[in-house]
Q: 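Dropping a structure here in structure tokens format, bear with me for questions.
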There are 2 protein chains.
Amino acid sequence: MPNQRRGAPRSESARLAILQATARLFAQRGYEHLSIEGIAAEAGVSKQTIYRWWPAKSDLVADCLLDGMLLPSRLTIPDTGDLRADLIAWLEQLFQLLQEPDGRGLMISLIAAATANEQIGGRLRDSLGGESSLVARLATGVEAGQLRDDAPVAELGEALVGAMIVKALSGRPGESADAVRLVDALLVPPD
Amino acid sequence: MPNQRRGAPRSESARLAILQATARLFAQRGYEHLSIEGIAAEAGVSKQTIYRWWPAKSDLVADCLLDGMLLPSRLTIPDTGDLRADLIAWLEQLFQLLQEPDGRGLMISLIAAATANEQIGGRLRDSLGGESSLVARLATGVEAGQLRDDAPVAELGEALVGAMIVKALSGRPGESADAVRLVDALLVPPD
DNA sequence: ATAGTAATACGCAACGCACCGTATTGGTGA
DNA sequence: TCACCAATACGGTGCGTTGCGTATTACTAT
């Protein structure tokens, strides 16, 4: 039985302080203006302690996203049993977020971060990193007979998230009616 | 109309050299590693000449995109009369591009640039800045009776481009079969 | 038990580098 | 004459790395 670890254990408080500082500054200033030195100062920690554990800024942000520290909780997909209604409600929430300047900034920053780190892109795709996954919700819809058995669930999920991303990038907010149209265009009911 | 212009006119050769250098370095190193000083050196021009005409790096890139200097020409949407076949062919071209490492890098860089500049995002949405627009092609499909009259053309376009963007960001290439599935999921034929 | 040693983590401070955006200067051509 | 240009310099900011001194912990030899 192999060697017990020697030396001081990693400081949990430092780890937490760094992640929280990252989340705070990410929300305040966005991904672009995030700096390691700024995070270190905000967390009350030395730069080296960050560099020791995270190779790059993007990995730090990825860890934050993984811990759900970057996104408002209202962005997870509901499951009331009615797939169409759930998707529309979820998209409307997203569109509403994009209309608030800070909300759009947050989304843009997430996309920018995804640009630097595939993991973040994956999380965005599996839709916004929350507990519940968009694709899983679609699969539930298939089981409930609200979607054809052979519906390309993964593709539909990518199309939905992608449409939102394009709206964010091009700066067209997207209204409630757009959410309805998009969902109705994508969701072909079974036979 | 008065204004005689006084002094020397803007140097067209400097303008071109700057745009071409930007395009070259963008393709080589990506948006992240693009620097004004690097562009100036590559173009054989002083920094001031760049700052005089473009307020920010992202505007410079936007101008390049506008002039079609950043994208391979094969990414424009064909119009053979068969909407479904055209869309599938176009998506397959895109997916193939994403499978080449350089191609994916190019797309990621474009997305990163869009993150910093709404105009670039708009160009991406109108799809990839070429002469032909994806939405226009869809509209042609409506006229040809290959799509329902009330098909939400704009939303479909965003969904298609968005799906591709999500694939690029999350690092899943996307194969030919995916293109077919996606198009068939989105395109509901008229009645 | 108690010291000593080794391994590890930490904060602090400083380094050279790249790039930023802004002057200033002097040359050149309409 | 005066707008354009190249060249050069400047103060800032952030990068990623290094060296230093100090805790904290486990192993080991007394």
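Residue numbers begin at 1 in each chain, while the letters A, B, ... track the order of the sequences.
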Q: On the nucleotide C:dA9, are OP1 or OP2 found under 4.0 Å from the side-chain N or O atoms that A:R52 carries?
A: no
Q: Could you tell me whether the side chain of A:N117 reaches within less than 4.5 Å of the side chain of A:V61, counting heavy atoms only?
A: no
Q: Write down the distance between CD1 (B:I18) and C1' (D:dC5), rounded to a whole number of angstrom.
A: 10 Å
Q: Not counting sequence neighbours, which residues clear side-chain contact (heavy atoms from CB on, under 4.5 Å) with B:A27? List them please.
A: none
Q: For the side chain of B:P9, starting at C-beta, report the closest nucleotide among C:dA30, C:dC10, C:dC20.
A: C:dA30
Q: Between C:dG21, C:dC12, D:dC5, which one does the side chain of B:S11 approach most closely?
A: D:dC5
Q: In whole Å, what is the span from the CH2 atom of B:W54 to the C1' atom of C:dC20?
A: 18 Å
Q: Measuring to OP1 and OP2 of C:dG11, would you say a side-chain N or O of A:T49 lies under 4.0 angstrom away?
A: yes
Q: Could you give the CG-to-C1' distance, from B:L60 to C:dC20, as a whole number of Å?
A: 15 Å
Q: Can you find a side-chain donor-acceptor pair between A:D126 and A:S133 that sits under 3.5 Å?
A: no
Q: Could B:D178 and B:R172 be called an ion pair, given the rule that one side-chain N must be under 4.0 Å from one carboxylate O?
A: no
Q: Can you sort out which residues in residues 23-38 of chain A have a heavy atom within less than 4.0 Å of DNA chain C? Ascending by number, please.
A: none
Q: Is the shortest distance from a Lys or Arg side-chain nitrogen in A:R104 or B:E118 to a carboxylate oxygen in the other one below 4.0 Å?
A: yes
Q: Please check if A:L16 and A:L66 belong to a single hydrophobic cluster, counting links between Ile, Leu, Val, Met, Phe, Trp and Tyr side chain heavy atoms closer than 4.5 Å.
A: no
Q: Distance alone, cut at 3.5 Å: any donor-acceptor contact between the side chains of A:Q48 and A:S46?
A: yes
Q: Nearest whole angstrom, please: distance from the P of C:dG4 to the CZ of A:R6.
A: 17 Å
Q: Calculate the interatomic distance between B:I50 atom CD1 and C:dT22 atom P; express it in whole Å.
A: 14 Å
Q: Where the side chain of B:K47 is defined as all heavy atoms beyond and including C-beta, which of D:dC5, C:dC20, D:dT17 is the nearest nucleotide?
A: C:dC20
Q: What is the distance from OH of A:Y51 to P of D:dG14, rounded to the nearest Å?
A: 11 Å
Q: Measure CG/B:L16 against P/D:dC5 and give the value in whole Å, please.
A: 12 Å
Q: Compare side-chain N and O positions of B:W53 against OP1 and OP2 of D:dC5 and report whether any pair is under 4.0 Å apart.
A: yes
Q: Could you check how far NZ of A:K57 sits from P of D:dG16, rounded to whole Å?
A: 9 Å
Q: Could one point to a donor on the side chain of B:Q48 or the base of C:dA23 with an acceptor on the other under 3.5 Å away?
A: yes
